[in-house]
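What you see is a predicted model, and the numbers here were worked out from it, not measured in a lab. Chain letters run A, B, ... following the sequence lines, proteins first and then strands; every chain starts at 1.
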Amino acid sequence: MGFNPAVERFLIEWALDEFVVGHLLGVQTFHYGPDLEENIAVGSISQDELGHARMMLRLLAEDEKELDRVVYTKPPEEMKVATLAQAWKETDWSYLVVKSMLYDVADQVRFDFFVRLPDEKLRTIEGMMGREENVHREHWQEWVDILSSDAEGRRRLQEALDELYPYLADFFATDVYEEVAKAYGMAATDKSSLLGRCLQQVKERFRPYQYTMPLADEQMVRLLEEPKGRAGRHLEVFKEIYADIHSVYDQHPEMVWG
Amino acid sequence: MSERNRLQVYEVLVQETKDKFPVNVGSVRAPSPTLALQMAREVFARRENCVKVMVVNREAVHVLDDEEYLGYARKKVFRLPFLREREARPRERNGKQEDAG
């Protein structure tokens, strides 16, 4: 639809993050939560995220096969998926809660950047996405609160936080924000200020339960210069995710589904 | 398990349109009212539109379920607000006469 290449890259990076997050939430919907109701809620969040990926890619291409090509024909190193989006442990509820909370807070910072872009074509998707993301954040915050209500829960959340928190730097370790701001003639938006905003919001959400952030803000800013997923250098588990995502598509690449 | 993460049953009420009363459509188990609302929305209203979803902790509901007592209503013909005598007569259903109502 005639977007600047930087805006196109921004939307593709975002869509691939959402696609992987949605895919992972849907992989084991049947035994995530403590109850059927929670599993259904997680399944629904998964579908919301996949829907967001689709809405973004729809801005770039009308044709179904064109959408497929964006997601399914890239080799792993060309999929600039945030490390946080691909972080995954089978059947670890606390890990999933922390990952989802961190991802959704970082995603909110990205969304806030997105809604400031002066482009009417982008306005069509923000209403539904914004509302659904509010519900997702409320959902995961509620679980942080619930799991923090006893010592065992706090121990598990702290463990997950220690592993996942540094990945927030990789989330913003891309020049795409600056390029997009430049394309629209907006004031410079550097990645360290976006990361700073994100860290502040994360700390506000975890502070009431006295969790310790494993790295100081300055250390996090330094990590911006060592992108992982954003540079196509993925976690070991991404091989499995990539194979899983491709398992159906690769059998009939020309099929138009639905 | 602390009180905070104890799963509790919430009755779910859904109001389809603004001109209808909310109707009790079922229940969910959830560890908090906020999650109960989210789960209620997903379980009972994810495929149908509505204007309101409510949850009530089942422990907060006062119940009257004496079926015999509650079954008297139709027997009290003198209370029925029918204007014509014909309507107040016992109803016939499947060839059998029923009590008034």
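Heavy atoms only, all atoms of each residue included: B:Val28 and A:Glu37 are closest at CA-OE2, 3.2 Å.
For B:Lys52, the NZ atom is loosely surrounded, since the number of other residues' heavy atoms within 6.0 Å does not exceed 12. Counting heavy atoms of neighbouring residues, nucleotides and ligands inside a 6.0 Å radius, atom CZ of A:Arg156 does not exceed 12 of them. Atom CD of A:Gln210 has 12 or fewer neighbouring heavy atoms from other residues, nucleotides or ligands inside a 6.0 Å radius. Remark: A:Gln201 CD is packed, more than 12 non-hydrogen atoms of other residues, nucleotides or ligands lying under 6.0 Å away. Other residues, nucleotides and ligands contribute only 12 or fewer heavy atoms inside 6.0 Å of the CE atom of A:Met128.
The structure places CG of A:Leu36 at 9.5 Å from CE of B:Met39, a figure rounded to the nearest 0.5 Å. Note that CD1 of A:Ile146 and CG of B:Leu7 are 8.5 Å apart. Values are rounded to the nearest 0.5 Å. Between the CZ atom in B:Arg29 and the CD atom in A:Glu38 there is a gap of 12.5 Å [rounded to 0.5 Å].
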Do any side-chain atoms of residues 42-51 of chain B form donor-acceptor pairs under 3.5 angstrom with protein atoms, and if so which ones, sequence neighbours left out?
{"residue": "B:Glu42", "atom": "OE1", "partner": "A:Ser44", "partner atom": "OG", "Å": "2.6"}
{"residue": "B:Glu42", "atom": "OE2", "partner": "A:Ser44", "partner atom": "OG", "Å": "3.3"}
{"residue": "B:Arg46", "atom": "NH1", "partner": "B:Glu42", "partner atom": "O", "Å": "2.7"}

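Of residues 132-141 of chain A, those residues lying under 4.5 Å from chain B by any heavy-atom pair are A:Val135, A:Glu138, A:His139.
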